[in-house]
Amino acid sequence: MPDVFGDLVGQDEAVVELRRAAAAAAAVLRAGAADRAPALVAAVPASGDAVATDDAATGGLDPSAGMTHAWIFTGPPGSGRSVAARAFAAALQCVHGTGCGECPGCHTTMGGTHADVRMVVPEGLSIGVGEMRALVLRAASTPSGGRWQVVVIEDADRLTEAAGNALLKAIEEPPPRTVFLLCAPSTHPDDISVTIRSRCRVVPLRQPPATAVAEVLVRRDGIAPDVAQWAAAAAQGHVGRARRLARDPEARTRREAVLAVPRRLTGVGAAFDAASALIEAAEAEAEASVTEADTTERAALETALGAGGTGRGAAGAMRGAAGQLKELEKRQKSRATRAQRDALDRALVDLAGFYRDALTMALRAPVAPVHTDTAALAGAGAQKWDAEGSLRRLEAVLACRAAIEANVKPRIAVEAMMLALWKG
Ligand SMILES: [Zn+2]
């Protein structure tokens, strides 16, 4: 039975550091229990024993002791930032202090139901200040399970500035038993503010090698080895994407449509057609992914608000209801936009993989292709375009991703990219 770190693929160094920190955190709790001082950092033991105080202080949450209050997990998408954060949270709540994977603390944290672990998964484009203040407030309460209050913020790069400031205050003066785990693509100031960064310990995750991804697909998901190998390579180190490709025929169809783009670019008209097709496919994929959640949420809210009521007070209730429905619609729209951008970005990553294959083939570099199923096509491209032309095309795809990230309208960015891919 693998422990809670078993799903963290190809991240041996990070796992060693997190295990050490979990052990240090458990030692802090044991020291606290021994001298009955639950709040260790400000510890004044009830016994008044000076020696115990010193012990407690050295075992407190100072970085050199192996455990600290605030962490940032960085790495490329799919490297397992949130998987690492959740596993670490489980290890902190584990009754053995190891992340055994079997005790109630581990189980409930991994299952998302532990009372002292909050996972913040932003659905819109940013995490607002209201949400963050509420979170910080709750995080300051005493852990009901007697161990730690853990707050995991996925996509901490999507904090608004005001939300970041609210979080910073909590990190600067952390409640003694509260641990913040942030996930972000990198520690670049665009992703995470310098002041927050300076208060956190950074755990860098790497893009896991395809062999490690394939291995976990076989072991954990029971996927056939040849399919697992293909999916791991095609997903370029993104574990979740690899699993989807291996399991979901629609995901495979969408990928094939994207990889057909280079073949279809035969003129200006075709380039614009290809741009439209790519945008519309992303919209369709995003819609499929959010429609069900939207409908469920709306129905739940309407039921909660007692829609259709006619009794006394119903008019007043409906006025409040209209505001809540509007709020829900705003949130859903924001989530839809995000889902579209994510879908489009996945398509662009696939496309970049194709031109990368052409480039490595033109250079005769001894590396395996990303997309084995379009390797022949990439080879033909390599002959026609040479290394320079392949590189220009790869750069056009990457420039498109950067433009969309910088809020250029997706259709405009994709059209510009298609023209560049056609012209070379
Ligand atoms: Zn455990």
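Each ligand, and each atom within it, is numbered from 1 in the order the structure gives.
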**Asked** Shortest non-hydrogen contact from H107 to E102?
**Response**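 Minimum heavy-atom contact is CD2-O, 3.2 Å.
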**Message:** Within the 3.5 Å criterion, strictly below it, is a donor on Q149 or R118 matched to an acceptor on the partner's side chain?
**Reply:**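 Yes, side-chain donor-acceptor contact under 3.5 Å.
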Could you tell me whether [X] and [Y] have a side-chain N and a carboxylate O separated by less than 4.0 Å?
| X | Y | answer |
| --- | --- | --- |
| E154 | R81 | no |
| R401 | D345 | yes |
| D373 | R252 | no |

**Asked** For the ring pair W71 and F88, is the centre-to-centre distance below 6.0 Å?
**Response**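 Yes - the distance between ring centres of W71 and F88 falls below the 6.0 Å cut-off.
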**Request:** Count, excluding waters, the protein N, O or S atoms that are closer to the Zn ion (ligand 1) than 2.8 Å.
**Result:**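 Total protein N/O/S atoms under 2.8 Å from the Zn ion (ligand 1): 4.
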